Structure formats: C-alpha cells, structure tokens
Enquirer: 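The structure's right below; bear with me while I get my questions together.
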Amino acid sequence: MPDKPAFYVTTPIYYVNDVPHIGHAYSTVGADALARFKRMDGYEVYFLTGTDEHGQKIAKTAQEEGVTPLQLADRVVERFKEAWVKLGITYDRFIRTTDEDHRKTAQAFFMKVREAGYIYKGQYEGWYCLPDEKFLLDSEVEDGPNGTKTCPDCGRPVERVKEENYFFAMSKFQKQLEKYLEDHPEFLQPESRKNELINNFIKPGLADVSITRSTVKWGIPAPVPEETVIYVWFDALINYISAIGWPDGEKFKKFWPADVHIIGKDILRFHTTIWPTMLMAAGVSLPKKVFGTGYINKDGKKMSKSLGNVVDPFELAATYGPDALRYYLLREIAFGLDGNYTDEAFQTRFNGDLANDLGNLVSRSLTMLEKYFDGIIPQVSFEGDLESRLVITARPYAGLARKYMDNLEFHNALIKAWDLIKAANKYIDQTAPYKIAKEGDAGKEKLATVMYSLMESLRVTALSIAPFMPFTATSIWKQLGYADDVHKHSLAETEEWGKIPVGQKIAKGQALFPRIEKKK
RNA sequence: GGCGGGGUAGCUCAGUUGGUUAGAGCGACGGUCUCAUAAUCCGUAGGUCGAGAGUUCGAAUCUCUCCCCCGCUACCA
C-alpha cells in the first residue's frame, strides 16, 4: 500500500477547571471537520485533542472539593470524552498532561533545552499574598493605601518576594522568531491577528520566562536537583509532540511538524511566542500553522455565568441533533472571527438550510423514486442540458473545498456544497418528474433520467457534507441503499458522475431535520 | 495612551491586483408548482458603499483628515 501523505491537526488541550462549553465544542468540531475532510481526501490523519491538568488552579479547585487534583481531572475528562462522542469527534488520541508518557517527554524536553544552554537559574520577583499563599503579577495587584499593593482576592497587603527559579532564555530567539514569521506568512492565522501579536509581543522584545514553580505542588517535577515543578505552559505545549512520541517515535517521524494547531484566540500568543521558541531551543521544527478561532457571543454579548446567558451546545445537540450544531458552528461563523449565537439565527439556519433545502430534497427525491420505480434506481437513458447543469455544479466542489479547507474556511466549503443541493431542488422544478409520471410509459425513460440524476445528486451531497455533518451523511448514504460506510469513501468521488449502482434499492427514512416550529 | 481590525441594502455579511447598471443569504412583498418536512421554484426590493478632501480618464477598492464600533496591550490555563 502506497504511503499516504500525513496530516496532523490538534485542538487546544482544555483546562480541566471547567466542564465542556461551546468554545471547546467550536474548536473541536472545526478540527474534526478538517480531520475528516483530509481523511476523505487521501491523507493519513492524526487528530489530537486532550486536557491540560496541572497548575495551581486545579490544585485549588480540587482542594475546595475535597478531592485530589487527579480525581478532579478524571471526572472532568469523562465529561469531555462523553461530549466528543456525542458530537461525533474522531480524535486519534485524547492526551492528558498527567499521562505517563507526556510527563516523561516533558521532562526530557526540559533536559534537552537545558543541555542546549537555554535554561538558567535566576531570580523571579513578584508580589506574594502570604495568607492566600499566592503569587501575583504586577498587573494583578491593586493599589492600597500609602502606595502599598493589595491582593485582589482578599484585599490584604501583598509583599515583594524573590524566588529562585529556572528560566527559559526566550529572548535569545527574538531575531530567529521574527525571521520565521516573515518567511512563513501562513504560520500565524488569521491574518487579522498577526500584526496585533507581532507589534504587541514580539517586536517589543521577548522576555525570558520562568519555567519552574517551587510554590506550586501540582505539576510535573522539573528534572533539576531542587524540588520544583515545570510551569504549566511549558508543560502543556509539549503535548503536541509528546502525544506522537518525540523525539524518535514512528508517529513523530511521520506526523511532525503539525499541519495546524487550532486554538482559541486567547492563547494564540503562547503558541506564537513560547511554543516556537521552545522548539527552536530544542532543535525541533516548527508547526506549519497556528490558527486562532474567535469567541462565540450570545445575542451579541459575551457569554458568562453571571449574566446567565451561556449557551449549552450539548443541549442543542440533544434537541436538534449533533449535526445541526456542527452545521451552525461551521456555517454561520467564519472560523477565525468572533461569532454570534442567537436562537433566531439557529432556527433560521436549521429550517432554511437543513430542513427546507437539504432535508426536504432528500425526502421529495426518495419519495418519488419509491412511487415511480418502487425504490429501485433505474437505468439512465440519456443526458440533457438540465442534467449537465447538475454535473457542472457538482464537479468543481472538491477542488474548491480543498482550497477552502486549507485555509480553514469551513463556511465557504459548506456554501459550495449547498450549490448542488440548491441546483437539485431547482432541477426537480424544471423537470417536474411528477408531471412526467402522469404521461405513463411515454415518459418512462425521461423519468428514469430525472430520478437517476437526483440520486446522483444525493450521493455527491452525502460525500460533500460528510466531514461537516457525519451523522446526516451516514443517514443519507443508508437511505440511498448503500451498505458500506460513507466515511470510507473519498472526496474524489464527488467529481465523478454516474457512480450510484443501477438497481440499488433505496430505503427512505424519517425526515432528517424536522422543521422547528416558530416560537413566539 | 500604544498597536491592530472594522464601518457596504431592514438584518448577517461577500466584494480579487481601482474600471461597464455595487452582490449573496435571511427577512419583506407578489406569483407558481404539487413530488416533498405548507417545503420548492420564479420575480420585485433601488443601499450618498461612516463623513470630508485628494490622486486618477475612472474608486467601495489608493492617499490624507475626522467620526464611530471592536480587539489586543497578563509569567492566571
């Protein structure tokens, strides 16, 4: 078997201090659509997701709940895994930063960077709140009376302390990083965030970062004589290579460098400063692309627990189906921009695009095939202009979708997939098979052509939407009478016309997307 | 304050390197078919392209000034 080209996509590893929410669902669904698309397009894909489990916050939350940090993490991890099953996420590995191989790799990576001379001992200076046993940043402390500083949590005065820590000499990679960004314009995406990052963080100068914490206990022990743990970010970022067996695992050799790290815009910074310079320090090549997604607002406002306007994606998926949620996220919002969720927009997308356009097309087409040909796909007898128009609509999809998917423009790929759906609805109107049917035997050949063309349209549609709406694609595929798995088929098959087997018996099912009755 | 991104039909947005009457979807209005989830399909809607000035034979698209909105400016993940 010839070697397939490799494709490696990652999501962020989610911090287990919070249960899965729509932001997690968004980036993960996007990564999944991309992974599925690439698989269908002939790539050997490795799709990584997981959880980030170390750090002071986790330790604190666990303590408050009277469990160990690991117990807390175990519980939240289950929530994530369940969530991803429900949304049809096809990850290859769910990595946890508490996994043994990750811990070892993180330590080895630390050693490697240290041996390379980029880790040194230094003084970390900052504010410390003694009662809370907590380090605070300059930006976190608040002004107290007489020029003193106070703790934002408890209001008590903080003191200036020094801690001996290990530092990563990020500043040494200033020039190298700037050059890399210049030479690789596609590295930092979306474009709109690029200057923001470069001007704010990179050009002003990279500062060395303290990468050990002796006051934090919950973390990976640093491979140094002192008792101290590796700073969570240094630990977490390494997941992308520990998951595939850096430095000499087979998977690492095959899949690294990653094709794209999909992340939230809030952590774009870490992925375009610390991460690339860490890799430079260790002599590892850099990922090809880092893509920051936007936030999803509710009714134009930031979602927050205090506002009580948090949208539960899993409730939506349970009510309207996982594909309705996936479709909304990928079609309504341009990946990379901030998006908005409203019940109205969801309903409009659902009824308009899914129920009326797609669901109804499947329904009306299969019903007619049952009525006119007992559900058996007839031999096509001729092809006219109207049929050619369907073919012409279907054929360019694969090429355009490849281009869009490489730029993570999911919404554009979906718009193109809908071209055929719309064209097929129009085709029915233009050919009016229900009228031909009344002509009896005289129109039989013509009717066969129309019905065959419709089945072909559905076949191509099922393949086109499979990466985005896997459950729906499977349902259409089965209704078309196929016994195998639509997801095992290839994107290239959308470019061919006339593949659905004559004589195949369809099996019409229930409505794919029952219309949502208007509220209010 | 600094840096960045935007202001285009009622709403959400497209508008490549400046070039004929500025586009799509949704909504609205009118019409049509009847296979279908009262779905589809067709037509209509006329927005000073934030404001002003400039460059040009010609600008939504380039330059300048101004107004408004948003994001980033944290060794928290």
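This structure is a prediction, so every number in the text was calculated from the model and none was measured. Quick note on labels: first sequence line is chain A, next is B, and so on, each numbered from 1.
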Enquirer: List in chain and number order the residues that pass ring pair (Phe, Tyr, Trp, His ring centres under 6.0 Å) with A:F373, two or more places apart in sequence or in another chain; answer none if no residue qualifies.
Expert: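 Residues passing ring pair (Phe, Tyr, Trp, His ring centres under 6.0 Å) with A:F373: none at all.
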Enquirer: Do any pairs count as a side chain to side chain donor-acceptor pair (under 3.5 Å) and have a residue in residues 431-448 of chain A, sequence neighbours left out, and if so which ones?
Expert: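 Side chain to side chain donor-acceptor pair (under 3.5 Å) check on residues 431-448 of chain A returns no pairs.
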Enquirer: Is the distance between the ring centroids of A:Y231 and A:H54 under 6.0 Å?
Expert: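 For A:Y231 and A:H54, the ring centres are not under 6.0 Å apart.
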Enquirer: Using a heavy-atom cut-off of 4.0 Å across all strands, would you classify A:P514 as base, sugar-phosphate, or nothing?
Expert: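 A:P514: base contact, heavy atoms under 4.0 Å.
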Enquirer: Against the six-membered ring of A:Y15, is A:K57 placed for a cation-pi contact (under 6.0 Å from the centre, within 45° of the normal)?
Expert: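 No.
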Enquirer: Name the closest nucleotide to the A:R364 side chain, picking from B:U37, B:A36, B:C33.
Expert: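 In terms of side-chain proximity for A:R364, the closest of B:U37, B:A36, B:C33 is B:A36.
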Enquirer: Using ring centroids (six-membered ring only for Trp), state whether A:F234 and A:W275 fall under 6.0 Å.
Expert: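 No, they do not, as the ring centres are separated by 6.0 Å or more.
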Enquirer: Please determine, for the side chain of A:W233, which listed nucleotide (B:A77, B:U37, B:C41) has the closest atom?
Expert: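 That would be B:A77.
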Enquirer: Determine, using ring centers only, whether A:F410 and A:Y404 are less than 6.0 Å apart.
Expert: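 No; A:F410 has its ring centre 6.0 Å or more from that of A:Y404.
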Enquirer: Measure the distance from NZ on A:K301 to C1' on B:C69 and round it to the nearest whole Å.
Expert: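 So the two atoms are 17 Å apart, to the nearest Å.
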Enquirer: With pairs defined as Watson-Crick or G-U wobble and both distances under 3.5 angstrom, please note down RNA chain B as a dot-bracket string, | for pairing with another strand.
Expert: (((((((..((((.....[...)))).((((.........)))).....(((((..]....))))))))))))....
Enquirer: Identify whether any heavy atom of A:K57 sits under 4.0 Å from a base atom; if not, whether one sits that close to sugar-phosphate; answer base, sugar-phosphate or nothing.
Expert: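 Result for A:K57 = base.
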Enquirer: Would you mind reading off the distance between A:D343 atom CG and B:C26 atom P, rounded to a whole angstrom?
Expert: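 Nearest whole value for this atom pair: 20 Å.
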Enquirer: Return the nearest nucleotide to the side chain of A:R515; candidates are B:U34, B:A39, B:C41.
Expert: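 Closest of the options to the side chain of A:R515: B:A39.
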Enquirer: Checking only heavy atoms, does the side chain of A:N360 share a donor-acceptor pair with the base of B:A36 at less than 3.5 Å?
Expert: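 Yes, the side chain and the base share a sub-3.5 Å donor-acceptor pair.
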Enquirer: Under 4.0 Å between any heavy atoms, over every strand shown, what does A:K371 touch: base, sugar-phosphate, or nothing? Just pick one.
Expert: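 Counting heavy atoms under 4.0 Å across all strands, the contact made by A:K371 is with sugar-phosphate only.
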Enquirer: Tell me the interatomic distance from A:I428, atom CD1, to B:U32, atom C1', rounded to whole angstroms.
Expert: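 Answer to the nearest Å: 16 Å.
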Enquirer: How many whole angstroms separate atom CH2 of A:W275 from atom C1' of B:A77?
Expert: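 Atom-to-atom, A:W275 to B:A77, this comes out as 16 Å.
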Enquirer: Using a cut-off of 4.0 Å between protein heavy atoms and nucleotide atoms, how would you tag nucleotides 5-13 of chain B 5' to 3' with B, S and -?
Expert: S--------
Enquirer: Would you mind classifying the nucleic acid contact of A:L512 as base, sugar-phosphate or nothing, using non-hydrogen atoms under 4.0 angstrom?
Expert: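 Base, at least one base heavy atom under 4.0 Å.
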Enquirer: Which part of the nucleic acid, if any, lies within contact of A:R213, taking any heavy atom under 4.0 Å across all strands shown: a base, the sugar-phosphate backbone alone, or nothing?
Expert: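 It contacts base atoms.
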Enquirer: Do side-chain atoms of A:T228 reach the backbone of A:R213 as a donor and acceptor pair under 3.5 angstrom?
Expert: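 Yes, the answer is positive, given that a donor and an acceptor are paired below the 3.5 Å cut-off.
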Enquirer: What is the distance from CH2 of A:W418 to P of B:A24, rounded to the nearest Å?
Expert: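 The answer, rounded to whole Å, is 20 Å.
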Enquirer: Is the distance from the ring center of A:F80 to that of A:H24 below 6.0 Å?
Expert: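 Distance test on ring centres: under 6.0 Å, yes.
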Enquirer: Do A:F173 and A:Y118 have ring centres separated by under 6.0 Å?
Expert: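 Ring-ring flag for A:F173/A:Y118: true, centres closer than 6.0 Å.
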Enquirer: Rounded to the nearest angstrom, tell me the gap between atom CD1 in A:I267 and atom P in B:C75.
Expert: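 Whole-Å distance recorded here is 16 Å.
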Enquirer: Between P on B:C35 and OH on A:Y452, what's the gap in Å once rounded to a whole number?
Expert: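 One finds 25 Å between P of B:C35 and OH of A:Y452, rounded.
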Enquirer: For the C1' atoms, the ones on B:G19 and on B:U55, what distance do you get once it is rounded to whole angstrom?
Expert: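 Here B:G19 and B:U55 have their C1' atoms 16 Å from each other.
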Enquirer: Between B:C29 and B:U20, how far apart are the C1' atoms? Round to whole Å, please.
Expert: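 Comparing C1' positions in B:U20 and B:C29 gives a spacing of 31 Å.
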Enquirer: Indicate whether OP1 or OP2 belonging to B:C41 is found under 4.0 Å from a side-chain N or O atom of A:K422.
Expert: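 Looking at the OP1 and OP2 atoms of B:C41, neither is under 4.0 Å from any side-chain N or O of A:K422.
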Enquirer: What's A:T367 touching, base or sugar-phosphate or nothing? Going by heavy atoms closer than 4.0 Å.
Expert: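 The answer is sugar-phosphate, as A:T367 gets under 4.0 Å only of primed atoms, P, OP1 or OP2.
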Enquirer: Report the residues that fulfil side chain to side chain contact (heavy atoms under 4.5 Å, CB included) with A:N195, sequence neighbours left out, ordered by chain and then residue number.
Expert: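 Applying side chain to side chain contact (heavy atoms under 4.5 Å, CB included) to A:N195 gives A:N199.
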Enquirer: Which residues satisfy the side chain to side chain contact (heavy atoms under 4.5 Å, CB included) test with A:D406, sequence neighbours excluded?
Expert: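 Checked A:D406 against side chain to side chain contact (heavy atoms under 4.5 Å, CB included); matches are A:K38.
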Enquirer: If you measure from the C1' atom in B:G27 to the same atom in B:A74, how many Å do you get, rounded?
Expert: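 Rounded to whole Å, the distance is 44 Å.
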Enquirer: Is A:Y427 close enough to B:U40 that one of its side-chain N or O atoms is under 4.0 Å from OP1 or OP2 there?
Expert: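 It does not, given that no N or O in the side chain of A:Y427 lies less than 4.0 Å from OP1 or OP2 of B:U40.
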Enquirer: Once you round it to whole Å, what is the distance between P of B:C3 and NZ of A:K203?
Expert: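 The answer, rounded to whole Å, is 12 Å.
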Enquirer: What is the nucleic acid contact for A:F270, judged by heavy atoms within less than 4.0 Å: base, sugar-phosphate only, or nothing?
Expert: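 Sugar-phosphate, no base atom in range.
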Enquirer: Report yes if a donor N or O on one partner sits less than 3.5 Å from an acceptor N or O on the other, where the partners are the side chain of A:N200 and the base of B:G2; otherwise report no.
Expert: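 Such a pair is found, so the answer is yes.
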Enquirer: Of all the choices, B:C76, B:U40, B:C26, which nucleotide is nearest to the side chain of A:N356 once you look at every atom?
Expert: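 Side chain of A:N356 sits closest to B:U40.
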Enquirer: Could you give the distance separating B:A9 and B:G46 at their P atoms, to the nearest angstrom?
Expert: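 Roughly 14 Å separates the two P atoms.
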Enquirer: So what does A:G55 touch, heavy atoms closer than 4.0 Å: a base, only the sugar-phosphate, or nothing?
Expert: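 Nothing: the residue A:G55, judged by heavy atoms under 4.0 Å, touches no strand.
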Enquirer: Looking for any heavy atom pair under 4.0 Å, which part of the strands does A:N199 touch: base, sugar-phosphate only, or nothing?
Expert: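 Sugar-phosphate only.
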Enquirer: When you get a sec, tell me which of B:C35, B:A74, B:C26 is the closest nucleotide to the side chain of A:T348?
Expert: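 That would be B:C26.
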Enquirer: Given the P atoms of B:U34 and B:U44, what is the spacing between them in whole Å?
Expert: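 So the two P atoms sit 24 Å from each other.
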Enquirer: Give me the distance, rounded to whole Å, that separates B:A39 from B:U73 when you measure between the P atoms they each carry.
Expert: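 So the two P atoms sit 46 Å from each other.
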Enquirer: What distance, rounded to whole Å, do you find between the two P atoms, one in B:C57 and one in B:G18?
Expert: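 Here B:C57 and B:G18 have their P atoms 16 Å from each other.
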Enquirer: Output yes when A:E226 and A:K121 qualify as a salt bridge under the 4.0 Å nitrogen-oxygen rule, no when they do not.
Expert: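 A salt bridge is present here (some side-chain N lies under 4.0 Å from a carboxylate O).
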Enquirer: Select from A:Q510 and A:V232 the residue whose nearest nucleotide in RNA chain B is closer to the 5' end of that strand.
Expert: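 Closer to the 5' end of RNA chain B: A:Q510.
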Enquirer: Ring-plane angle category for A:F110 and A:Y166, please: parallel below 30°, perpendicular beyond 60°, tilted otherwise.
Expert: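 Because their plane-to-plane angle is over 60°, the rings of A:F110 and A:Y166 count as perpendicular.
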Enquirer: Which is more 5' along RNA chain B, the nucleotide nearest A:D353 or the one nearest A:Y295? Just name the residue.
Expert: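 Upstream on the strand: A:D353.
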Enquirer: Could you measure between the two C1' atoms, the one in B:G54 and the one in B:A28, and give it in whole Å?
Expert: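 To the nearest whole Å, 41 Å.
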